[in-house]
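Note sheet for the following structure.
Note on naming: letters A, B, ... go to the chains in the order of the sequence lines (proteins, then strands), and numbering restarts at 1 for each one.
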2 protein chains.
Amino acid sequence: MSHGNTQVASSPRVREKRERRRAEILHAALRAFREKGYHATTLDDIAEHLGLRKTALYHYFPDKEAILYECHCESLAELDRLMRDARKRFDSDAERLAYVIREHVRVMTETLEGSPLAFEVTALSVERQAEIIAARDRYERGVRRIIENGMKNGEFRQVNSKIAVFAILGSINWIARWYRPGGSIHASELGSEFADHLVGGLTCDRRGE
Amino acid sequence: MSHGNTQVASSPRVREKRERRRAEILHAALRAFREKGYHATTLDDIAEHLGLRKTALYHYFPDKEAILYECHCESLAELDRLMRDARKRFDSDAERLAYVIREHVRVMTETLEGSPLAFEVTALSVERQAEIIAARDRYERGVRRIIENGMKNGEFRQVNSKIAVFAILGSINWIARWYRPGGSIHASELGSEFADHLVGGLTCDRRGE
DNA sequence: CAGGAGTTTGAACGGTAATTCAAAATTTGA
DNA sequence: TCAAATTTTGAATTACCGTTCAAACTCCTG
C-alpha cells in the first residue's frame with residue numbers, strides 16, 4: 001500500500017499528483033544521466049534537483065534501474081510515434097528521412113533534453129535490456145526501410161543501408177554528449193543542418209554514378 | 001622503487017617486458033571500457049582478461065583513472081598523426097576529409113578496437129580533463145578547417161561548419177557503441193561508406209543551390 | 001645455484017552509494 | 001478540525017570496489 005511502483009486505488013487527485021512527481025523525477029534523472037552517465041549519477045544527484053532526499057525516490061520507483069528503464073521507454077515511445085508520422089505525412093523517401101532526422105534531433109534536444117536511448121543499455125537487467133534493444137531495433141529497421149525504399153525508386157544512390165543507418169543515428173545519438181540547452185547552437189538549426197547533411201549524402205544526383 | 005608508473009633504471013630486457021605488460025593492460029582496459037563504460041568496468045574485469053588479480057595492475061599504473069588517461073592519450077596521438085598526414089598528402093579538401101574519416105574509422109575499429117575518445121572524459125581529474133579536451137578540440141578544429149576551406153574554394157556548399165563537424169565525428173564516435181570485431185560489417189567497408197556518405201552530404205554539386 | 005630485482009598475490013581497509021525501514025511530517029477528504 | 005492516507009525523512013544495513021601493504025613467488029643475472 002505504499003512502496004515502489006505498485007499502483008493502488010486512490011483518489012484521482014492523489015494519483016495525479018503522484019504522476020506529476022514521477023514525471024519530475026524522470027526528468028531530473030534524464031538530465032543527470034545525460035550529463036554524467038548512469039553509473040556516475042547517484043540517487044542523491046537526482047533527488048537534490050527536486051529538493052528531496054534520495055529515499056523519497058523509493059516511493060515512486062522500486063530501484064535505480066527502474067528509473068533508467070522508464071527513461072528509455074519514454075524516449076522509444078517518442079521515436080515510435082515520430083516514425084509513424086513520417087510514413088503517413090510524406091511520399092518522397094528523402095522528405096521522410098529528413099523529417100525523421102529533424103524530429104529525432106528535436107526529441108534529443110527539446111522534449112527529453114537528451115535521450116538516454118543513447119545511454120548504457122547494459123545497465124539494465126537482461127529482460128529489460130532485451131525489450132529495449134528490440135524496440136530500438138524496430139526503430140532502426142524503420143529508418144533502414146526508408147533508405148532501401150529510396151534506393152529502389154531512385155531517390156537514393158546504392159549504399160549499404162545498414163551502415164547508412166548507423167551513420168545517421170550515430171550523429172544524432174552523439175548529440176547527447178555535447179549539446180547543452182542555451183549554447184551557441186540552436187536546436188532547430190541543428191535539426192535542419194543534420195537533415196541536409198545526412199540526407200544529402202544519400203541522394204542520387206551527381207555526375208556519373 | 002617498485003610501485004606505480006615511476007620509471008627506474010633497470011635492464012633493457014626487463015623494461016621491455018614491463019612495457020609489453022602495460023600495453024596488454026591498456027588493451028584489455030580499452031576493450032572493457034568500450035563494452036561497459038568506465039564506471040561499470042572494475043579493475044577485476046580488466047585483470048581477469050589477463051589472468052591476473054586486480055592488485056597486480058597497481059604495479060603498472062598508480063590508479064584506475066591513470067589507465068583511462070593513457071587510453072585517451074594513445075587515441076589522440078593517433079588522430080593527431082592522421083590529421084597531419086591528411087594535410088600533407090592531398091590537395092582537394094573533399095579528398096582530405098574523406099581520408100580523415102576513413103582513417104579515423106580505422107583507428108576506431110582496428111588499431112584501438114574502439115577509441116575511448118568516445119568515453120567519459122568527465123571521469124578524469126580536472127587537469128587531465130582539460131588536457132584531453134584541449135587535444136580533442138585541436139582535432140575538431142582540424143576537421144573544421146578542412147570544411148571551411150572547402151567551402152571557400154567551392155568544393156563544399158555553405159553549411160554551419162561546427163554542426164557539420166559534430167555530425168561527422170558523432171557518426172564515427174558512435175561506432176564504439178555497436179561495432180564488434182568479427183561482425184557482419186567489415187572495417188574497411190565501414191570507412192569507405194562513412195566517407196562517401198558524410199563527404200557527399202557536403203559536396204556542392206546539385207541542382208540549384 | 002644464490003641472491004636480488006621485479007612481479008603477483010591475498011587479506012584487509014575505507015569510502016561510497018544503493019537499499020530498507022520505522023517513525024515523523026504533510027496532505028487529503030469528510 | 002480530525003483521522004486516515006500519503007509522502008518524506010534519517011538512521012542503519014549491506015554490498016561493492018578502489019586502494020594499500022606486507023608477504024610469497026618468479027625470473028633474471030652473475
message: Can you confirm whether the side chains of A:E65 and A:Y38 place a donor and an acceptor under 3.5 Å from each other?
response: no
Distance flag, aromatic centroids of B:F166 and A:W178, threshold under 6.0 Å: yes
- prompt: Has B:R18 got a side-chain N or O lying under 4.0 Å from the OP1 or OP2 atom of C:dT7?
  reply: yes
message: For A:F194, give me all partners under ring-ring contact (aromatic ring centres under 6.0 Å, His included), at least two apart in sequence or on another chain.
response: none
field: Donor-acceptor side-chain pairing of A:Q129 and A:T122 below 3.5 angstrom
entry: no
For nucleotides 13-20 of chain C, tabulate all protein N/O to nucleotide N/O atom pairs closer than 3.5 Å, reporting atom names and distance.
unit_1, atom_1, unit_2, atom_2, d
C:dA18, OP1, A:T41, O, 3.4
C:dA18, OP1, A:K64, NZ, 3.1
C:dA18, OP2, A:L43, N, 3.0
C:dT19, OP2, A:Y58, OH, 2.8
C:dT19, OP2, A:K64, N, 3.0
C:dT19, O5', A:Y58, OH, 3.2

query: Please give, in whole Å, the distance from C:dG6 P to B:R20 CZ?
result: 16 Å
message: Quick test of your reading of the model: are B:R20 and B:E16 salt-bridged, counting only N-O distances below 4.0 Å?
response: yes
N or O in side chain of A:R53 less than 4.0 angstrom from D:dG10 OP1/OP2: yes
- request: If a pair satisfies salt bridge (charged side-chain N to carboxylate O under 4.0 Å, His left out) and one of its residues is in residues 48-58 of chain B, list it, with sequence neighbours excluded.
  value: B:D44-B:K54
Distance below 4.0 Å between A:H59 side-chain N/O and D:dT8 OP1 or OP2: no
- prompt: Just how far, in rounded Å, is C1' of D:dC25 from CG of B:L52?
  reply: 14 Å
query: Would you say a side-chain N or O of A:R21 is under 4.0 Å from OP1 or OP2 of D:dT7?
result: no
- request: Name all residues meeting the ring-ring contact (aromatic ring centres under 6.0 Å, His included) criterion together with B:F156; count only those two or more places apart in sequence or in a different chain, and write none if there are none.
  value: none
Could you run down the sub-3.5 Å N/O contacts of the protein with nucleotides 28-30 of chain D?
none

statement: By ring-ring contact (aromatic ring centres under 6.0 Å, His included), B:Y99 pairs with (sequence neighbours left out) B:F90
- prompt: Starting at CZ of B:R15 and ending at P of C:dT7, how long is that distance when rounded to a whole Å?
  reply: 12 Å
- prompt: Between A:T203 and A:E155, do the side chains contain an N or O donor and an N or O acceptor separated by less than 3.5 Å?
  reply: no
A:E16 CD - C:dT27 P separation (whole Å): 17 Å
query: Atom CZ of B:F61 to atom C1' of D:dT20: distance rounded to whole Å?
result: 19 Å
